[in-house]
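In what follows, a single structure is set out as structure tokens and then discussed.
Values below: all heavy atoms of this structure, side chains included; hydrogens, waters and symmetry mates excluded. In this chain, residues are counted from 1 in sequence order. Please read all numbers here as calculations on a predicted model, not as lab measurements.
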Amino acid sequence: MGIMGFKDVSKLRGSMCGMREIEDETERLSRDERSSHSVSSGILPALGANSSRRIKLRPSIISPRDPRYRAWETFLIVLVFYTAWVSPFEFGFNMGRNRILSILDNVVNGFFAIDIILTFFVAYLDKATYLLVDNPKLIAVRYARTWLIFDVISTIPSELARKILPSNVESYGYLSMLRLWRLRRVSAMFQRLEKDKNYSYFMVRVAKVTCVVLFEIHCAGCLFYLLADRYPDPKNTWIGSSIENFHDLSLWDRYVISIYWSIVTATTTGYGDLHPVNTGEMIFDIFYMLFNLGLTSYIIGNMTNLIVQTTFKTRKFRETINAASSFAKRNQLPPRLQEQMLAHLSLRYRTDSEGLQQQETLDALPKAIRSSISHFLFYSLVDKVYLFQGVSNDLLFQLVSEMKAEYFPPREDVILQNEAPTDFYILVNGAVEIISYTNGTAQVVGDCKTGDVCGEIGVLCYRPQLFTVRTKRLSQLLRLNRTAFLNILQTNVGDGAIIMNNLLQHLKAQNDPVMQEILTDTEHMLAHGRMDVPLSLCFAVSREDDLLLNHLLRRGLEPNELDSNGRSALHLAAAKGNLECVLLLLDYGADPNRRDSEGNVPLWDALLGKHEPVIKALVDNGATLSSGDVGQFACFAAEQNDLDLLKQITKFGGDVTLLNGLGTTALHTAISEENIEIIKFLIEQGADIDKPDVHGWTPRALADYQGHEAINALFQTKQESHNSGKAHQRSTSISTSEVQAALPYYLKKYPSEPTIPHFKPDDKTQNARDMGVPDHKTGWAASNSQNSLAAILTTGRKQNQGERMFASPRPDPCMQRAPARVFVCCAERADVEGFLVPLPESLQELLDLGDKKFGFHATKVVSEDGGALIEDLALIRDGDRIFLAS
């Protein structure tokens, strides 16, 4: 993605630190999960860097990445360097009996013996699965099969070796040379340092080559002296032929002479003074020089490779600059173009040399990681661009993932006037100016600041770029390709409409005549459907552009297309009162009764706007209010105190007595608004003053609770007229025996009445019932007791103003009326039919019927619906079906 700036690099590092913190949280898993971490868990850190994560293993097992174990390994490396020097020295100069070296050797051997024991408790990495193995048995088996024998042999003390080995063998110090096995640790150390980003690769390679050369010279010198020291004729040796009685020289002099010979032989600058004399020395010297040939090739190859790497970028830059200069001269380019070419190439070299190869870095990563990095770096900037205001987060994420960040040097053209619109840019940092060329004269018409977009008009309207965009100083811009942009919009049509609308609003806000001309041309292209940007029907309707709507419908767009709020294009057209758009949508099959996410239908939107032609067109095409949330419509009208709107609802088939989606009615709302006229109208339309809402409040109880005297009086009048009508019906029907026998069947509870849950009444609850106030503990509300036969057959007692009518639980003995009757069934025996019996005077008498009728001892009475426990005869109505249970 272009070239990354220093600030962006710091952001990226901060992001990576955040990722490490997330990984640290992930480490708080179970031990089994932790022991099965893969490469991503930090066991193999990138570029050899030590991971900050700690892998929890078995209590007795050590992680190879533990910092303390790392320190122990580093200490052993120092001892290995000592072993690499002293072992050939002791072997060549016969120093096995030196007391000081013997003590030091045993101390070093002791440390390596400790390491042997420690290795049995260090987890290892399974190369097949890249998982840490912390099983002690597997660790021991692996170590025993690999390095255990060699480590033990190289750790045997010299005193023990002298006792075990024959004297002629021990004197040559073979055991001391076996300790060179430890050099494998040094090789592993250099391999790790070469991959560690904290160390210079060049310096590590140089140090490695230097150590190899020094060790080779030291070993060769010690071995070559050994040949002279053990030869029978000291004078017939390479050192004896030049120095008689060389054994009398000090140890330091003999060592220096040996190293001198080794160096001049390795560098092929001898033999002037020291040279092999006897056959054994010549043979050794032959193999030594052959070995030096390979070592010299290794050194030259490494140094050449390192030098080439350090100068490769500079050489490539010089070649590129020379090629560009030759090209400019050959084609006689203007000086300004030559300067732009060289400036761009110089900028690219500088960013490459400073390690800012963002594009190369991101190309090596999976797409998901690239998208996450782009989102972290640029999402907040792109989100503020005017073109993307109001679009979805999904679209922004996709756009940011496709954007490329690029650097431009000062005075470089980013966009040329009249070029094809292939890309548009967002300024990240720096400054650019907008230049217009008129009759060959350049004129600066504006500047861009961070977050501004340029080239978007050409991309969205597909017309040649209007202006030249040129940088004023070093600038970083985000580039988005037009093809990729349109491909993303194809799957986000709604967001495409928002982007297009933002562009049009931006053009309208400009006072420049050029922009106004572009706005006119763009709207003309929109009306004729010649835009490549995918547009929605809702966009066309919101602009009230019936011509564009016609083009979109003819292309085959779904007429019932929804916007982000769940509203169809017909909803929007009806709300705006655009008859042409409404008729177009209906002609192409738009559903006139489609509900939006809030339960509204197009007819309701038209009624709210009082668009009579649209209302008529919708009704003629089968639109009804009953398809929507009529209860909500009525509640809205009551809340707005709009009686005319309520009448409109009833005119078009809406039932104003229904509950809305929140469980309340328009009558409840009108009571809260204290609108008598609306309440009268609702009652005339059949609104039930005893119909509870979702919380159990009836309109009567609500009016009483809120203290609306006028509304209470209205309800009282309504109740008295209702009771007089009921009394007239009873007087004309109760004298007939046939109807009297059928009364329990016809006078069951109304389906609209709420279910009364079981509770044990007390004085406070009974008083609350009398006042019509719901009991918030039991959820009980006073129901219409006029529906029970007991209330019809008994005389009710008149209450004062504010009191409710309430039926006696049993028939009044003074009245010559038929007693209440109930159906008694057995809950324990479903095969036995129930009995129709008069309602007893007590619950105990009702329970005794279990012994008489069903032959079992009943202990409780439960209701038919849900099996609620009944503890008071007042809860039983005439014609109820009850069950006796044990």
Side-chain angles (χ1 to χ4, degrees), residues 1-2 374 378 381-392 395-406 408 412-428 432-437 445-446 448-471 475-510 512 514-536 539 548:
M1 287 181 50
S374 301
F378 305 121
L381 174 69
V382 176
D383 187 38
K384 297 177 182 178
V385 175
Y386 85 88
L387 203 61
F388 306 126
Q389 294 299 310
V391 301
S392 63
L395 178 74
L396 282 181
F397 186 85
Q398 296 178 58
L399 291 178
V400 170
S401 300
E402 293 294 333
M403 291 182 178
K404 310 293 182 183
E406 296 179 351
F408 292 89
E412 181 171 350
D413 292 338
V414 180
I415 298 177
L416 293 177
Q417 186 173 341
N418 295 323
E419 74 172 353
T422 57
D423 306 280
F424 69 90
Y425 297 83
I426 300 173
L427 182 62
V428 178
V432 299
E433 57 185 4
I434 301 175
I435 302 173
S436 175
Y437 285 91
V445 297
C448 292
K449 60 181 182 299
T450 299
D452 286 347
V453 59
C454 49
E456 78 283 8
I457 297 176
V459 169
L460 291 174
C461 302
Y462 198 65
R463 57 187 301 163
Q465 293 290 0
L466 304 175
F467 307 104
T468 293
V469 178
R470 182 178 299 165
T471 58
S475 303
Q476 184 187 20
L477 295 97
L478 291 176
R479 176 173 60 85
L480 181 59
N481 182 263
R482 179 179 185 273
T483 303
F485 176 60
L486 293 181
N487 289 339
I488 294 175
L489 290 186
Q490 290 295 335
T491 57
N492 298 270
V493 179
D495 289 326
I498 294 175
I499 290 174
M500 200 65 207
N501 187 63
N502 290 338
L503 175 65
L504 296 175
Q505 295 298 327
H506 176 73
L507 294 176
K508 286 181 180 179
Q510 304 297 319
D512 191 355
V514 177
M515 293 298 179
Q516 296 301 320
E517 181 181 354
I518 296 172
L519 174 62
T520 304
D521 293 344
T522 303
E523 291 179 336
H524 179 76
M525 293 175 64
L526 278 173
H528 291 80
R530 295 201 299 266
M531 298 295 296
D532 292 330
V533 178
L535 301 174
S536 64
F539 172 73
L548 174 59

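- Under the 30°/60° scheme for interplanar angles, the aromatic rings of Phe424 and Phe388 are found to be tilted.
- One N or O on the side chain of Gln417 and one on the backbone of Tyr437 form a donor-acceptor pair closer than 3.5 Å.
- Sorted by first and then second residue, the pairs that involve residues 419-428 and meet salt bridge (charged side-chain N to carboxylate O under 4.0 Å, His left out), not counting sequence neighbours, are Asp423-Arg479.
- No side-chain heavy atom of Val400 sits less than 4.5 Å from a side-chain heavy atom of Leu381.
- Between Leu427 and Ser475, some side-chain heavy-atom pair lies under the 4.5 Å cut-off.
- The shortest side-chain heavy-atom distance between Glu402 and Leu480 falls under the 4.5 Å cut-off.
- With sequence neighbours excluded, the residues forming a side-chain hydrogen bond (donor to acceptor under 3.5 Å, both in side chains) with Asp413 are Arg470, listed by chain and number.
- At distances below 3.5 Å, not a single donor-acceptor pair connects side-chain atoms of Asp383 with backbone N or O atoms of Leu396.
- Leu466 is not listed as a side-chain neighbour of Ile434, based on a closest heavy-atom distance of 4.5 Å or more.
- Side chain of Asn501 to backbone of Ala497: no donor-acceptor contact under 3.5 angstrom is found.
- Under the 4.5 Å side-chain criterion, counting only non-hydrogen atoms from C-beta, Phe539 is in contact with Met500.
- Taking CD of Glu456 as the reference point, atom CG of Asn502 lies at 11.0 Å (rounded to 0.5 Å).
- The CD atom of Gln465 lies 9.5 Å from the CG atom of Leu416; values are rounded to the nearest 0.5 Å.
- Interatomic distance, OG1 of Thr450 versus CD1 of Ile426, reported as 11.5 Å (0.5 Å rounding).
- The closest side-chain heavy-atom distance from Tyr425 to Val469 is not below 4.5 Å.
- Counting heavy atoms from C-beta outward, Leu399 and Val391 have side chains that stay 4.5 Å or more apart.
- Counting only distance, with no hydrogens or angles, the side chain of Thr471 and the backbone of Glu412 share a donor-acceptor pair below 3.5 Å.
- Here the CD atom belonging to Glu406 is positioned 8.5 Å from the CG atom belonging to Leu477, to the nearest 0.5 angstrom.
- The ring-ring contact (aromatic ring centres under 6.0 Å, His included) check on Tyr386 picks up His506, with sequence neighbours excluded.
- Expressed to the nearest 0.5 Å, how far CZ of Phe397 lies from OG of Ser392 amounts to 12.5 Å.
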